[in-house]
Amino acid sequence: MSRVYNFSAGPATMPLPVLEEIQAELLDYKGSGMSVMEMSHRSKVFQTICDEAEADLRELMNIPDNYKVLFIQGGATLQFSMIPLNLMKNGVFDYIVTGAWSKKAATEAKKFGKVNIVATSEDKNYSYIPDCSDLPIDDDADYVYICENETIHGTTFQSLPNTKGKILVSDQSSMFLSRPCNVADYGMIYGGVQKNIGPAGLSIVIIREDLINKDIDPKTPVYLRYDTHADNGSMYNTPNCWGIYVCGKVFKYLKSIGGLEKMNQLNIEKAKVLYDFLDSSNYFKGTVDKDVRSLMNVPFVTGDADKDAAVVAATKAAGFDNLKGHKSVGGLRASIYNAMPIEGVKALVDFLKKYEEENA
Ligand SMILES: *Cc1c(COP(=O)(O)O)cnc(C)c1O
């Protein structure tokens, strides 16, 4: 077996102990005589898997009782439409656009109502987070929307926007479970799990119960209603059983290493290794304002597209995979999610240092 350091933005690297446990249980899950892949979602054994996953997530994030946890398919992208469809009362939605993902979400919401872009950092290719302390929030806004960590551009909100009493909806796809989070500050938190938690094909929605609106357009497809999922314990239809199982393993793993406080410490320590190098380098530089740098996604460039391509090729040959930057930023991007060990980042930095010495 030979595993590389995988810096993919998603689907992304997962904790090795979790993969090993899954491997051990693959053919016969706990004496059931079958794989979780082959199991009825209505079976007692799967119900236990699902209940434990939810309970462990609630414990990790300290989720208040008046919030529902929903396991939904369709990726984070399906939430771009489910959010306006379900949270609509006045049909006015305020979006803060700090990157490609919040822009996509805003574009989708326009199909269902009036979208106000109350702040944006588009003028500088989303390399900063605008001041969100006094925004022109619409009196009729049904919610204020953010993407809390912009995966492509590499910025993170360091404090939440002042929503002037409106509920806050946050896409946490690429920072889910990376640090403690006060759930009560939000109306809804959601994310696809394939960035920082588990395998692709599952989204987790954490939503305040009173926001699950039954009085919505009756033509709304049944799968796209939050009440469908909430009223049926995320099992109105067949859920992503495998995804729920694997995420449940990751939740237990995070608990075992000390929870989200500990995870945050490790993430801060790990990102510092890379940022300290970028700050000291004369060859590479980070692309975003220092005060809003993401601990999860780290874009950096040489300033020359040909040199960038050469570095990407060299990293790949040396066993560091998926470092090519997104086309809208260029250069390189190291996604250093929860499951990336600090050794991986140290090895990458050693490689880049040597590369700089030889090529500068
Ligand atoms: C990847 C990503 C998405 C889209 O996720 P899908 O599950 O592919 O739909 C949305 N938001 C953010 C922040 C992402 O990183």
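FYI, side chains are in, hydrogens and waters are out, and symmetry mates aren't considered; it's all heavy atoms of this structure. Atoms within a ligand are numbered from 1 in the order they appear, just like the ligands themselves.
A9 pairs by the side-chain contact (heavy atoms from CB on, under 4.5 Å) definition with T151, R333, S335, Y337, not counting sequence neighbours. With sequence neighbours left out, S40 forms a side-chain contact (heavy atoms from CB on, under 4.5 Å) with R42, S43.
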Verdict with reasoning, Q172 to N196, per side chain to side chain contact (heavy atoms under 4.5 Å, CB included): CA-CA 10 Å; Q172 289 196 353; N196 207 24; over 6 Å; no
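Ring geometry for Y190 against F80 counts as perpendicular: the plane angle is over 60°, on a 0 to 90° scale with 30° as the lower cut.
Applying the 6.0 Å contact sphere to CD of E261 captures no more than 12 heavy atoms from other residues, nucleotides or ligands.
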Where does ligand 1 get N/O contacts under 3.5 Å from the protein, atom by atom?
{"from": "ligand 1", "atom 1": "7 (O)", "to": "A76", "atom 2": "N", "distance (Å)": "3.0"}
{"from": "ligand 1", "atom 1": "7 (O)", "to": "Q194", "atom 2": "NE2", "distance (Å)": "2.9"}
{"from": "ligand 1", "atom 1": "8 (O)", "to": "Q194", "atom 2": "NE2", "distance (Å)": "3.4"}
{"from": "ligand 1", "atom 1": "9 (O)", "to": "A76", "atom 2": "N", "distance (Å)": "3.2"}
{"from": "ligand 1", "atom 1": "9 (O)", "to": "T77", "atom 2": "N", "distance (Å)": "2.8"}
{"from": "ligand 1", "atom 1": "9 (O)", "to": "T77", "atom 2": "OG1", "distance (Å)": "2.5"}
{"from": "ligand 1", "atom 1": "11 (N)", "to": "D171", "atom 2": "OD2", "distance (Å)": "2.6"}
{"from": "ligand 1", "atom 1": "15 (O)", "to": "T151", "atom 2": "OG1", "distance (Å)": "2.4"}
{"from": "ligand 1", "atom 1": "15 (O)", "to": "K195", "atom 2": "NZ", "distance (Å)": "2.5"}

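A side-chain hydrogen bond (donor to acceptor under 3.5 Å, both in side chains) check over residues 237-246, counting only residues at least two apart or in different chains, returns the pairs E25-Y245.
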